[in-house]
2 protein chains.
Amino acid sequence: MATPEGQARNEEVFRTAASLMVQRGYAGTSMGDLAKAVGMTKAGLYHHINSKQDMLFQILHHAMEGLEREVIEPVKGISDPEERLREMIRLHVRGLFAHGLEFALLFPERRHLEPAQQKVIYQMVEDYLDQIRHALRELADEGKFQDLDINVTASHILQTIAGIARWYKEDKGVTEDHLVEQTVNFNLSAILKQ
Amino acid sequence: MATPEGQARNEEVFRTAASLMVQRGYAGTSMGDLAKAVGMTKAGLYHHINSKQDMLFQILHHAMEGLEREVIEPVKGISDPEERLREMIRLHVRGLFAHGLEFALLFPERRHLEPAQQKVIYQMVEDYLDQIRHALRELADEGKFQDLDINVTASHILQTIAGIARWYKEDKGVTEDHLVEQTVNFNLSAILKQ
DNA sequence: TGGAGGCTACCGATCGATCGGTAGGCAAGT
DNA sequence: ACTTGCCTACCGATCGATCGGTAGCCTCCA
């Protein structure tokens, strides 16, 4: 279906598109801009993608798959809910840095997708939230959970993590390690008794 | 400068623009769409505004002024930092509902402004964050603050509040009162000792 | 061994539609 | 008479997308 070079080029297109859309938004990024950024013409670009909209869908879908692979899967073996939640937050924040903080900022752009595509992405986010909710419920069963609404709390936790991409600036002297630690501690302090 | 009816029409233009941009983003909202939404032609629309970009700036500026007027000002008389922070979160979340949750979602669109305009908005957000940081510092002086980084914590708190607009759906049975209470409790639990 | 056929990865040119914005006029209130 | 508020009619630029075409490589078969 594709040569190794073509495969690499294809990935470069999607990676560059994600980067540009983070900076300028979906509607604010033209296919001409993207073509120029990857050193192609618009026509050449369309060899790699079906449409601008489909490209956005694939970027978001790929990002969610990455989240599941790098956060959900690795913590499946952790039976203690507190430690599992700690590790989820840790891995998620580390993932943000590893992939340039980018993808979290693109999710609001799912409004530009077809309803059916929106539903797919929405469901993947919901599945991720369910993992957080499940850990919270287990904590509640152990009597270690504060008296909070599990659904609202799960969303709050996710917002503190995804929100990092919205305010973090490299030049402020905050290191990745520090931010990981702070985000874990903030959220765990919020939900644990004592 | 304007008749009362004209003033009202002017406000309707900006209010409608904000609403459309929340749904479709800045670049995704055309002036033709906006004109149709307020029952005007594009030319008539431009009687009320200078440019699309300037309109966005005024919307964001107005939103920040509202935040200062409805959250910062009312809590100035509260000397106890814990109670002040509680009230800030309470008022901010209530403000989200009162104004349709809209404006929080528009702030990422400040990337479409001129650098000088961006700076103005950025500074207003920073001033707001300073109010949260100040309350946290006072709490620390009283020995009631968890061992957390004040700057990071302030951002986390703001993200849980602004983040509500990104996940809240009316049809899930979560009431405004419940959400206010949950958001206050989550954040206070995160930052207070014990 | 060489040539035919097919495939990938692109290009220049161009499509109709839509973009943000404007010139100039007209009707109504003060 | 002048301003306010809006209109019709239009501008150049850019949008996403598609057209026919091609350079270069790989495979297969005589």
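As the structure is a computational prediction, the values presented were derived from the model and not from experiment.
In the set dT4(D), dG21(C), dC15(D), the nucleotide with an atom closest to the side chain of S30(A) is dC15(D).
Regarding M31(B), its CE atom lies at a distance of 13 Å from the C1' atom of dT22(C), rounded to whole Å. Rounded to an integer number of Å, the gap from OH of Y46(B) to P of dG5(D) is 18 Å. Separating the CG atom of N50(A) from the C1' atom of dA17(D) is a distance of 12 Å, rounded to the nearest angstrom. Separating the CZ atom of R24(A) from the P atom of dT14(D) is a distance of 14 Å, rounded to the nearest angstrom. One atom, NE2 of H48(A), and another, P of dA17(D), lie 16 Å apart when rounded to the nearest Å. Atom-to-atom, CE of M55(A) to C1' of dC15(D) comes out at 14 Å; the value is rounded to the nearest Å. Protein atom NZ of K52(B) is 8 Å distant from nucleotide atom C1' of dG20(C), rounded to whole Å. Between the OH atom of Y26(A) and the P atom of dG16(D) there is a distance of 8 Å, rounded to whole Å.
In the region residues 33-45 of chain B, proximity to DNA chain C at under 4.0 angstrom, judged on heavy atoms, holds for K42(B), A43(B).
Rounding to the nearest 0.5 angstrom, the gap separating the CZ atom in R15(B) from the NE2 atom in H62(B) is 10.5 Å.
Note on ring orientation: taking the six-membered ring where Trp is involved, the planes of F186(B) and H156(A) are tilted (angle from 30° to 60°).
In this model, the phosphate group of dT4(D) is not approached by any side-chain N or O of R9(B) to a distance below 4.0 Å at OP1 or OP2.
Counting heavy-atom neighbours within 6.0 Å of D147(A) CG, excluding the residue itself, gives a total of 12 or less. Within a 6.0 Å sphere centred on CD of E170(A), heavy atoms belonging to other residues, nucleotides or ligands number 12 at most.
A donor-acceptor contact closer than 3.5 angstrom is absent between the side chains of D127(A) and Q131(A). Side chain to side chain, D33(A) and S30(A) meet the donor-acceptor criterion of an N or O pair below 3.5 Å.
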